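Below you'll find the structure, written out as structure tokens, and then a few comments.
Keep in mind that this is a model prediction, so the values were computed, not measured.
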There are 2 protein chains.
Amino acid sequence: MSSAPRTARGRRTRERILESALKEFGKVGYHDASIVRITEGAGVAMGTFYLYFEGKLEVFNELVEDLNRRMRHRMTQAIAEAPDRLAAERAGFRAFFEFTTEYPQLYRIIRQAEFVSPDAMHLHYGRIVEGYRRALATASHDGEIAPIDPEVAAWALMGIGEIIGMRWILWQEKGDDGAPPIPEDVFEHTMDFITRALRPDAPVAPVETQE
Amino acid sequence: MSSAPRTARGRRTRERILESALKEFGKVGYHDASIVRITEGAGVAMGTFYLYFEGKLEVFNELVEDLNRRMRHRMTQAIAEAPDRLAAERAGFRAFFEFTTEYPQLYRIIRQAEFVSPDAMHLHYGRIVEGYRRALATASHDGEIAPIDPEVAAWALMGIGEIIGMRWILWQEKGDDGAPPIPEDVFEHTMDFITRALRPDAPVAPVETQE
DNA sequence: CGGATACCTGAATCACTATTCATGTTTTGT
DNA sequence: ACAAAACATGAATAGTGATTCAGGTATCCG
């Protein structure tokens with residue numbers, strides 16, 4: 001029976017296990033991840049794992065939820081100051097790519113979730129889309145972006161971010177210097193694509209443009 | 001030691017195993033797929049599997065390559081008659097969604113490939129992008145679409161198709177009637193998004209409205 | 001028929017690892 | 001100091017499932 005830690009020591013231990021599990025899952029995937037290796041990485045014995053977690057799946061789910069929360073927080077922060085929706089998209093994508101560079105594990109873990117934990121997967125995408133759709137709907141209504149369907153657009157934009165991140169961040173890890181961020185020109189091309197999709201239609205005003 | 005079948009009987013048996021493996025992988029994923037169940041589904045004994053395949057991974061790779069080829073073939077066929085790039089995109093996406101409806105396994109299998117067989121994954125995306133990029137580059141050069149970066153655009157479009165397919169085809173399977181295709185309005189919204197991203201810039205006519 | 005070739009069988013082997021639990025160790029409160 | 005409470009240990013258990021192999025069966029040919 002697993003239970004929550006009752007003291008600071010316990011909390012630290014639980015935290016170390018979680019950290020180690022993140023690394024392990026990110027490195028070898030859910031199925032090949034072994035509890036022994038996770039606990040070794042955390043510097044504890046196997047049994048300790050079961051003091052704080054029901055099993056492998058529970059850690060997995062907790063990691064998804066945790067990373068998802070952190071990611072959305074990052075993006076919300078990054079967007080906060082943006083003057084308009086297109087600026088928000090730029091800031092948001094930048095933050096997303098940065099987060100992916102920092103935690104490539106989230107991406108890897110989510111891809112696995114298809115079979116490991118469909119619930120975790122739905123939760124992940126669902127939470128992101130929820131806010132995204134609302135923001136796009138508002139911007140669309142206000143004329144800041146084109147009159148597109150916000151739900152479809154939210155998914156499309158998410159798909160773009162995911163695959164560009166996969167190609168230029170995850171497939172890159174050349175083990176060279178510290179973190180390999182996305183190439184600047186790729187970022188600009190991506191934003192160009194997105195801007196074209198979102199920007200309002202050019203006003204068909206024969207003479208005057210409206211504000 | 002596995003080897004190729006030498007007679008028609010052998011070829012049929014190998015084919016049945018492959019078919020059964022596709023179903024099994026698509027249903028429970030690579031790791032939980034069991035050779036016994038695959039062979040049972042094919043109506044042969046376990047040993048027969050190893051007559052034609054080195055092991056689990058080899059079937060997996062062969063399935064990826066096979067489905068990838070079929071998918072590209074379908075799309076190529078669908079696009080053939082298109083008068084311009086935007087029409088080609090429409091036909092291509094329709095074909096892609098149809099294929100995904102018919103073989104949801106491809107999607108599921110590719111998502112797993114991250115850890116199971118990175119090579120298979122790279123091959124899959126690489127082959128698709130290769131042709132796509134070339135087509136976009138030509139269209140862009142000819143002014144049929146906007147002057148975008150064809151490589152980034154190819155990946156972005158692929159990402160859109162993948163995630164929209166996931167959301168509205170794979171997450172739908174309500175087990176209702178035959179095949180649940182993508183809702184027509186979602187398809188139109190998707191094409192709208194793509195069209196906005198790709199269409200050439202409107203000429204900056206100072207006085208006249210453009211057609 | 002005889003025997004060569006291709007195909008097929010499935011119990012036995014082998015390697016792996018998640019989870020349990022009986023037993024220590026450390027910390028905390030008084 | 002001393003007993004709870006909390007935390008930690010890791011050998012043993014138990015279940016899994018991929019792969020092998022010693023022996024069949026089907027088919028064809030001269």
>> If the condition is salt bridge (Lys or Arg N to Asp or Glu O under 4.0 Å), which residues does Glu81(B) pass it with, not counting sequence neighbours?
In response: none
>> By the 4.0 Å heavy-atom rule, please label Tyr52(B) as base, sugar-phosphate, or nothing.
In response: sugar-phosphate
>> Restricting to salt bridge (Lys or Arg N to Asp or Glu O under 4.0 Å), what partner residues turn up for Glu19(B), sequence neighbours left out?
In response: none
N/O donor to acceptor pairs below 3.5 angstrom from side-chain atoms of residues 135-142 of chain A, sequence neighbours left out:
unit_1	atom_1	unit_2	atom_2	d
Thr138(A)	OG1	Arg134(A)	O	3.0
Ser140(A)	OG	Ala146(A)	O	3.2

>> Run the salt bridge (Lys or Arg N to Asp or Glu O under 4.0 Å) test against Glu102(A) and tell me which residues pass, sequence neighbours left out.
In response: Arg74(A)
>> Phe53(B): which residues meet the ring-ring contact (aromatic ring centres under 6.0 Å, His included) condition with it, sequence neighbours left out?
In response: Phe49(B)
> Could you write nucleotides 10-30 of chain D as a row of B, S and -, 5' to 3', where a protein heavy atom under 4.0 Å of any base atom gives B, of only sugar-phosphate atoms gives S, and otherwise -?
Replying inline: BB------SBB----------
>> Reading DNA chain C in the 5' to 3' direction, which nucleotide is the first one with an atom under 4.0 Å from a heavy atom of chain B, and which is the last?
In response: dA6(C) to dA11(C)
>> Below 30° counts as parallel, above 60° as perpendicular, anything between as tilted: where do the rings of Phe25(B) and Phe60(B) land?
In response: perpendicular
Could you give the side-chain donor-acceptor pairs of residues 123-131 of chain A under 3.5 Å, partners two or more places apart or in another chain?
unit_1	atom_1	unit_2	atom_2	d
His124(A)	ND1	Asn68(A)	ND2	2.9
Tyr125(A)	OH	Glu162(A)	OE1	3.1
Tyr125(A)	OH	Glu162(A)	OE2	2.7
Tyr125(A)	OH	Arg111(B)	NH2	3.2
Arg127(A)	NH2	Glu65(A)	OE2	3.3

>> Any residue in residues 10-29 of chain A with a heavy atom nearer than 4.0 angstrom to DNA chain C? Just list them by number, or reply none.
In response: none
> salt bridge (Lys or Arg N to Asp or Glu O under 4.0 Å) with Glu98(B): which residues, sequence neighbours excluded?
Replying inline: none
Please tabulate, for the side chains in residues 151-161 of chain B, all donor-acceptor contacts under 3.5 angstrom to protein atoms that are two or more places apart in sequence or on a different chain.
unit_1	atom_1	unit_2	atom_2	d
Glu151(B)	OE1	Arg133(B)	NH1	3.3
Glu151(B)	OE2	Trp155(B)	NE1	3.4

Using a 3.5 Å cut-off and no angle test, enumerate the donor-acceptor pairs between side-chain atoms of residues 3-12 of chain B and protein atoms at least two apart in sequence or in another chain.
unit_1	atom_1	unit_2	atom_2	d
Thr7(B)	OG1	Arg9(B)	N	3.4
Thr7(B)	OG1	Gly10(B)	N	3.3

